[in-house]
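Structure first, then comments.
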Amino acid sequence: MQKVIIVGGGMVGLSLALMLAKQNIAVQLLEAIRYPNYQDDQLAPYHSSFDARNTALSRRSVMIYQQLGLWDALQQHATPILQVHITEEGSFGKARLVAEQEKVESFGQVIENAWLGRVLLTQVRQQPLIELIDGVEVTALEQTQEQVTIQAKRDQETLTLTSKLLIAADGRDSFCRQAIGVGVDVHDYDQVAIVTAVQTSKPHQHVGFERFSALGPLALLPLPGEYRRSVVWPVKKGTEAEWLGEENDQHFLDALQQTYGDRAGKFEKTGKRFSYPLSQVLAHKQAVGRVVLMGNAAHTIHPVAGQGFNLCLRDADVLVRFLTQHLTQSDDIGSPENLLAYEHSRLKDQQRVIKFCDSVVRGFSNQNPVLKLLRNTGLVAFDVIPGIKPLVANYAMGLKA
Ligand SMILES: Cc1cc2nc3c(=O)[nH]c(=O)nc-3n(C[C@H](O)[C@H](O)[C@H](O)COP(=O)(O)OP(=O)(O)OC[C@H]3O[C@@H](n4cnc5c(N)ncnc54)[C@H](O)[C@@H]3O)c2cc1C
């Protein structure tokens with residue numbers, strides 16, 4: 001039986017391991033952090049990848065989890081997005097996308113990362129084809145024409161493992177990427193994303209809001225429970241100092257209220273705030289020999305449009321198809337030519353998403369009055385020009401590459 005090594009058991013590494021096992025491919029999954037042992041009625045405690053955040057899953061991502069047989073479990077803590085409203089502070093333009101008008105059930109689903117992580121981890125632990133090795137850090141990687149060899153350390157113990165294919169899903173600062181000599185283009189946005197959950201006096205009615213403000217693009221997404229919403233607010237570094245910490249709850253709620261107006265009613269309560277530094281990190285190559293980069297190790301992007309993980313899942317889905325198709329003709333699962341063909345096939349979708357997210361951040365950060373007017377007319381045009389909405393909706397749902 002074919003075996004693959006995955007380095008990195010974040011949301012991407014765990015999802016990919018399950019996709020491979022479904023195709024009868026054995027996986028050794030190595031993760032630096034020791035996973036929690038939780039009781040059945042608890043959410044998974046903090047882990048770097050499935051933390052306090054919520055993820056907006058596109059329709060295509062939901063379909064991928066449906067095919068894996070995970071959606072019934074995942075949807076217990078997921079909420080559909082039925083409308084998306086986009087506005088800019090101090091401007092008259094407004095763009096609206098309505099799922100019913102686009103003839104789709106929803107634009108996607110918002111899910112708590114803690115729940116997504118817990119469902120993935122539970123499935124991985126139950127899957128006999130996956131050997132989960134956590135609490136080990138991969139510290140060496142070498143490859144020959146025939147195979148890849150890695151060393152992983154746990155306390156004083158060193159493990160040596162070999163495989164014909166290694167998938168590096170070890171995050172933005174990927175050790176594996178450096179070990180195979182792949183460079184990166186880095187752009188520091190000089191921003192942090194403030195992430196939390198809030199309670200508002202008006203019910204969310206499954207509407208997702210994106211509001212471009214002088215402080216940064218504020219996203220409010222519906223959460224399970226009629227009045228709960230997730231907040232992702234990328235702001236200039238330093239601003240967050242005023243809002244982090246329990247004693248600053250009211251200060252933060254006031255800032256939200258001022259930026260948002262009364263569309264959501266009164267901002268009544270906020271949870272603990274977390275902050276994530278934001279940069280774009282793009283690998284120069286994604287396939288070298290028998291190693292392929294996945295997830296944030298391949299491309300880390302700005303969360304402004306909630307596209308990063310959705311893009312990673314599409315990559316993973318296509319990679320698994322390339323691997324299984326190739327296995328019908330050859331017994332070499334790590335064939336370098338096949339990995340290069342995979343990389344080539346993904347570039348168009350990746351570049352489209354990367355460019356889109358980057359231009360939204362840069363385009364809306366500029367307060368030049370002429371640009372503001374153009375943005376306004378753009379938002380109005382979006383609402384009246386026929387044909388634009390279905391196109392944008394399809395891209396956002398991950399249904400068009
Ligand atoms: C604020 C914010 C909001 C977001 N919201 C959305 C959204 O709504 N929708 C969306 O699609 N995307 C969203 N994203 C993007 C999404 O979070 C990422 O795409 C996703 O987390 C990438 O996961 P990953 O598994 O590739 O990387 P990571 O989560 O970084 O996982 C990498 C794993 O590798 C392990 N590791 C690292 N080095 C080693 C080593 N040497 N040996 C062993 N293990 C190692 C780490 O411990 C870690 O568990 C958001 C991002 C941010 C910052």
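Every heavy atom of this structure was used, including side-chain atoms; hydrogens, water molecules and symmetry mates were not. Throughout, residue positions are numbered sequentially from 1 according to the sequence presented. Numbering of ligands and ligand atoms starts at 1, following listing order.
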*For Gly295, atoms of ligand 1 separated by under 4.0 Å from a heavy atom*: 26 (O)
*Do Gln250 and Asp254 meet the criterion of a side-chain donor-acceptor pair at a distance under 3.5 Å?*
yes
*Looking at Asp249 and Arg273, does any basic side-chain N land under 4.0 Å from a carboxylate oxygen?*
yes
*With heavy atoms under 4.0 Å as the rule, classify the contact between Gln307 and ligand 1 as side chain, backbone, both or neither.*
backbone
_ligand 1 N/O within reach of Glu137 N/O, cut-off under 3.5 Å_ = no
_Applying a heavy-atom cut-off of 4.0 Å, say which part of Ala169 lies close to ligand 1: side chain, backbone, both or neither._
backbone
*ligand 1 versus Ala32, non-hydrogen atoms closer than 4.0 Å: side chain, backbone, both, neither?*
both
*Below 3.5 angstrom, do we get any N/O pair linking Asn310 and ligand 1?*
yes
*Can you list the ligand 1 atoms lying under 4.0 Å from a non-hydrogen atom of Val12?*
23 (O), 24 (P), 25 (O), 26 (O)
*asked:* Would Val136 count as a contact residue for ligand 1, given that I'm defining contact as a non-hydrogen atom of the residue lying under 4.0 Å from a ligand atom?
replied: yes
*Per-atom contacts, ligand 1 versus Val195 - under 4.0 Å to a heavy atom*: 1 (C)
*Give a yes or no on whether a salt bridge exists between Arg352 and Asp349, defined as a side-chain N under 4.0 angstrom from a carboxylate O.*
yes
*Atom CD of Gln151 and atom CG of Leu159: how far apart are they, to the nearest 0.5 Å?*
9.5 Å
*Number the atoms of ligand 1 from 1 as they appear, then name those within less than 4.0 Å of a heavy atom of Thr55, with their elements.*
7 (C), 8 (O), 9 (N), 10 (C)
*asked:* Salt bridge or not between Arg177 and Asp170? Use side-chain N to carboxylate O under 4.0 Å.
replied: no
*asked:* Whether the His302 and Asp358 side chains hold a donor-acceptor pair (N or O, under 3.5 Å, no angle test) is what I'd like checked.
replied: no
_Atoms in ligand 1 with a heavy atom of Phe309 nearer than 4.0 Å_ = 10 (C), 11 (O), 12 (N), 15 (C), 16 (C), 19 (O)
_Out of all atoms in ligand 1, which are within 4.0 Å of some heavy atom of Gly171? Include the element for each._
27 (O), 30 (O), 32 (C)
*asked:* Taking 4.0 angstrom as the limit and counting only heavy atoms of Pro303, give me the atoms of ligand 1 inside it, by number and element.
replied: 2 (C), 3 (C), 4 (C), 50 (C), 51 (C), 52 (C)
*Considering residues at least two apart in sequence or located in another chain, which fulfil the salt bridge (charged side-chain N to carboxylate O under 4.0 Å, His left out) criterion with Asp315?*
Arg346
_ring pair (Phe, Tyr, Trp, His ring centres under 6.0 Å) partners for His299, two or more places apart_ = none
